[in-house]
K.L.:
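Before we start, here is the structure in question, set down as structure tokens.
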Amino acid sequence: MPEGPELHLASLYVNKMCEGVVFSGPVVKSEVSKSPDVSFNCESYRITASSRGKEVKLTLTPIKSDDDGKRRSKVTQTDQPMDIVFRFGMSGYFRFTSEDEVPKHGHLRFYTKEKPCRVLSFVDARRFGSWQPNGTWQPDRGPCIMFEYKSFRSVIGLQLTIILKIDESRRFFPFCLRLNIPPFLCARDALEGLEAKMKGKTQGMGDLLRLCHTVPLEVVSLGGKGYDPEKVDYSAFQAWLQCYYVDGMKSVRDHNGRTMWFKGDPGPMAPKGKKTRESTRERKSSSAQPPGGKHLRKYQLI
DNA sequence: CGTCCACGTCTAC
DNA sequence: TAGACCTGGACGG
């Protein structure tokens, strides 16, 4: 998603930082952004956030005030709430800072009413992210694996035949390690192996799907205790990682160029002619962080 | 300096 | 199913 947990943590971050904070004035877009202008301009408003899967929604809620009428004559005031739906691309995140600490690549900015003011910024170095003013959750996206687990299960149930036909267990590779499944089994073998292990017809799939749900929640619980991208303590997350850049783990790049991490046998569908690499902690010791950086951007699940 | 990598959509062949 | 869209950090010579 970037990773469902990140998006959810971003919404927690916004709610935490913006609780009780009053914002004011126009919403400002950077020069270079190609995302739409946000025509919202309000003397006093609040910001709250929620997440669903790979999207975050900000809700701007005007606060009624006595001097409303006066102001209205100068600038067109927005008096209705507005939802803005964000997708994070590869590098999006929110930061709440003083005005002179607004991060480079802060492409959409919300200013507080106080002096000196502070700024909530949507930061996105690569600009693969986007936002939609007056947006709604994108209707054709799959359910959220963290908070719409039931419908996620039923959707997967409906698509299981297709998954068995065309896919490999690597679709679920983040969870294979936990279940002791080689990542490059074909899906049928993976599921049959699980079923044999679990002795229930749907049990194997159920277990896999449950991990799709619970593993991201584990990440959220790690980050939930004071999520601030700058101050976050990496060690907890690092210790939690079981695979990604962990000593002794192997990785292969699949045909899409995506790196898969695993241990032991890669399985029969492993890409041929590709080198399997073994992680040594030396690369990491210099940076003490997985690539992807300071912002806990890339949660590699497992 | 230059090359590789991060893996999220969206569009065109 | 490539390729495009982008930046920047790690690493190599």
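In the text below, chain A, chain B and the rest are named by the order of the sequence lines, each starting its count at 1.
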K.L.:
With ring centroids as reference points, do Tyr93(A) and Tyr13(A) lie under 6.0 angstrom apart?
P.N.:
no
K.L.:
Whole angstrom is fine here: how far is it from OH in Tyr93(A) over to P in dG8(B)?
P.N.:
18 Å
K.L.:
For Asn15(A), check side-chain contact (heavy atoms from CB on, under 4.5 Å) against everything at least two apart and list the hits.
P.N.:
Thr48(A), Ala49(A)
K.L.:
Between Arg87(A) and dC10(B), does any side-chain N or O lie under 4.0 Å from OP1 or OP2?
P.N.:
yes
K.L.:
Can you list the other members of the hydrophobic cluster that holds Val32(A), where links are side-chain heavy atoms under 4.5 angstrom apart?
P.N.:
none
K.L.:
Who passes side-chain contact (heavy atoms from CB on, under 4.5 Å) against Val28(A), sequence neighbours left out?
P.N.:
Arg109(A), Tyr111(A)
K.L.:
For Glu114(A), which residues count as a salt bridge (charged side-chain N to carboxylate O under 4.0 Å, His left out) partner, sequence neighbours excluded?
P.N.:
Arg118(A)
K.L.:
From CZ of Phe88(A) over to P of dC10(B), roughly how many Å is that when rounded to an integer?
P.N.:
15 Å
K.L.:
How close or far is atom P of dG9(C) from atom CE of Met90(A), stated in whole angstroms?
P.N.:
15 Å
K.L.:
Just the rounded figure in Å: distance from C1' of dT9(B) to CG of Leu7(A).
P.N.:
13 Å
K.L.:
Taking only residues two or more places apart in sequence or in another chain, which ones pass salt bridge (charged side-chain N to carboxylate O under 4.0 Å, His left out) with Arg52(A)?
P.N.:
Glu148(A)
K.L.:
Using the P atom as the reference point in each nucleotide, state the distance between dC4(B) and dG3(C) in Å, no decimals.
P.N.:
15 Å
K.L.:
Taking atom P in both dC5(C) and dC13(B), what distance in whole Å separates the two?
P.N.:
13 Å
K.L.:
Over how many whole Å does the gap from Glu55(A) atom CD to dG8(B) atom P extend?
P.N.:
14 Å
K.L.:
Distance check, P atoms only: dA12(B) and dC6(C), in whole angstrom units.
P.N.:
15 Å
K.L.:
Establish, with yes or no, whether the OP1 or OP2 oxygen of dC4(B) is under 4.0 angstrom from a side-chain nitrogen or oxygen of Arg253(A).
P.N.:
no
K.L.:
Return one dot-bracket line describing DNA chain B 5' to 3' (Watson-Crick or G-U wobble pairs, both distances under 3.5 Å; ( ) same strand, [ ] crossing, | another strand, . none).
P.N.:
||||||.|||||.
K.L.:
Under 3.5 Å, which N/O atoms of the protein pair with N/O atoms of nucleotides 3-7 of chain C?
P.N.:
residue : atom : partner   : partner atom : Å
dC6(C)  : OP1  : Lys34(A)  : NZ           : 2.0
dC6(C)  : O3'  : Arg127(A) : NH2          : 3.1
dC6(C)  : O2   : Arg126(A) : NE           : 2.6
dC6(C)  : N3   : Arg126(A) : NH2          : 3.1
dT7(C)  : OP1  : Arg127(A) : NH2          : 2.7
dT7(C)  : O4'  : Ala125(A) : O            : 3.4
dT7(C)  : O3'  : His105(A) : NE2          : 2.9

K.L.:
Strictly by salt bridge (charged side-chain N to carboxylate O under 4.0 Å, His left out), give each pair with a member in residues 24-40 of chain A just once, sequence neighbours left out.
P.N.:
Lys29(A)-Asp37(A)
K.L.:
List the atom pairs, with distances to 0.1 Å, where a side-chain N or O of residues 132-139 of chain A and a protein N or O form a donor-acceptor pair under 3.5 Å, not counting sequence neighbours.
P.N.:
residue   : atom : partner  : partner atom : Å
Gln138(A) : OE1  : Arg87(A) : NH1          : 2.7
Gln138(A) : OE1  : Arg87(A) : NH2          : 3.2

K.L.:
Testing the basics here: between Leu9(A) and Val220(A), what is the closest heavy-atom pair and its distance to 0.1 Å?
P.N.:
CD2-O, 3.9 Å
K.L.:
Given atom CH2 of Trp261(A) and atom P of dC5(B), what is their separation to the nearest angstrom?
P.N.:
12 Å
K.L.:
For a quick test of reading the model: is some side-chain N or O of Thr259(A) closer than 4.0 Å to OP1 or OP2 of dC5(B)?
P.N.:
no
